[in-house]
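Worksheet for the structure shown next.
Along the sequence shown, the residues carry numbers beginning at 1. Hydrogens, waters and symmetry mates are skipped; everything else that's a heavy atom, side chains included, is used.
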Amino acid sequence: MIDDRPRHEIPLSRRLDLLFRVWRASDGTERDYDDVACAVSSATATTVTADDIASFRRGTKRIPANVVEALVEIFPSSRKYLLDDTAAPRLHTQLTLIDELVSGGIRGVRLRGGEPNTDPERLTAVLRELRERRERSVGLN
């Protein structure tokens, strides 16, 4: 029997957590659970609370399929990220890079040209290390 599961399956809760970290409100803060719950409730015609959204994000509560469909519309990312376990790892790598850029306080970046085999995971690791060193040097950790 052939195992068709993705090699690096990323739990849906972990993907949702990353979407909250990357797709922020216009003021730069993370999206509010109440606002997301209201949008999901409206889209699904069911009651979804802020506590439900927090539980989905922590992975302590299973996300119903209709809620996943609503979240796909609320967070401006590829539909495949939440809906396709096979495509999720590649998209997760890209979103993790964006998260690291935002977390590091980088306001602009140009990634053009360069080596065709540039590894986004390696670039993310380098950025994370630089951010952590900076935080340690100014006593943030």
So the ring pair (Phe, Tyr, Trp, His ring centres under 6.0 Å) pairs with at least one residue in residues 9-31 (sequence neighbours excluded) are Phe20-Tyr33, Phe20-Phe75

Residues in side chain to side chain donor-acceptor pair (under 3.5 Å) contact with Thr29, at least two apart in sequence or another chain: Asp27

Worked verdict on Thr93 versus Arg90 for side-chain hydrogen bond (donor to acceptor under 3.5 Å, both in side chains): CA-CA 5 Å; Thr93 298; Arg90 180 181 55 78; over 6 Å; no

For side-chain hydrogen bond (donor to acceptor under 3.5 Å, both in side chains), just list the numbers for Asp52 and Ser55, CA-CA rounded to whole Å, side-chain angles, deciding distance to a tenth of an Å, and then say yes or no. CA-CA 5 Å; Asp52 291 332; Ser55 295; 5.7 Å; no

Residues that Ser13 engages under side chain to side chain contact (heavy atoms under 4.5 Å, CB included), provided they are two or more places apart: Pro11

So CG of Leu95 and CD1 of Ile10: to nearest 0.5 Å the spacing works out to 9.5 Å

I'd like to check the salt bridge (Lys or Arg N to Asp or Glu O under 4.0 Å) partners of Lys80; sequence neighbours left out, ordered by chain and number. none

Would you say that Leu71 contacts Val36 through its side chain, given a criterion of any heavy-atom pair below 4.5 Å between the two side chains? yes

Set of side chain to side chain contact (heavy atoms under 4.5 Å, CB included) partners for Ser26, sequence neighbours left out: none

Which heavy atom in Val68 sits nearest to a heavy atom in Leu83, and how many Å separate them? CG1-CD2, 3.6 Å

Applying side chain to side chain contact (heavy atoms under 4.5 Å, CB included), can you list everything that pairs with Asp34, at least two apart in sequence or on another chain? Asp32, Ala50

Is there a side-chain contact (heavy atoms from CB on, under 4.5 Å) between Leu82 and Ile63? Walk through the geometry before answering. CA-CA 11 Å; Leu82 290 179; Ile63 308 174; over 6 Å; no

Just how far is it from atom OH of Tyr81 to atom CG of Leu18, taken to the nearest 0.5 Å? 4.0 Å

Pairwise distance CD(Gln94) to CG(Asp99) - rounded to 0.5 angstrom: 14.0 Å

Heavy-atom pair with the smallest gap, counting every atom of Arg24 and Gly28: NH1-O, 3.0 Å

Quick one: does Thr96's side chain have a donor or acceptor within less than 3.5 Å of a partner on His92's backbone? yes

Scan residues 67-78 for pairs that pass salt bridge (Lys or Arg N to Asp or Glu O under 4.0 Å), counting only residues two or more places apart or in two chains. Glu69-Arg79, Glu73-Arg79

Can you tell whether the side chains of Arg15 and Asp85 come within less than 4.0 Å, N to carboxylate O? yes

So, using salt bridge (Lys or Arg N to Asp or Glu O under 4.0 Å) as the criterion, who are the partners of Arg14 when residues are at least two apart? none

Who are the side chain to side chain donor-acceptor pair (under 3.5 Å) partners of Thr46, not counting sequence neighbours? Thr44

Nearest 0.5 angstrom please: Leu16 CG to Arg58 CZ, how far? 11.5 Å

Checking Asp17 now: which residues fulfil salt bridge (Lys or Arg N to Asp or Glu O under 4.0 Å) with it, not counting sequence neighbours? Arg21, Arg57

Listed by chain and number, what are the side chain to side chain donor-acceptor pair (under 3.5 Å) partners of Ser41, not counting sequence neighbours? none

Where at least one partner belongs to residues 49-69, residue pairs that pass ring pair (Phe, Tyr, Trp, His ring centres under 6.0 Å), sequence neighbours excluded: none

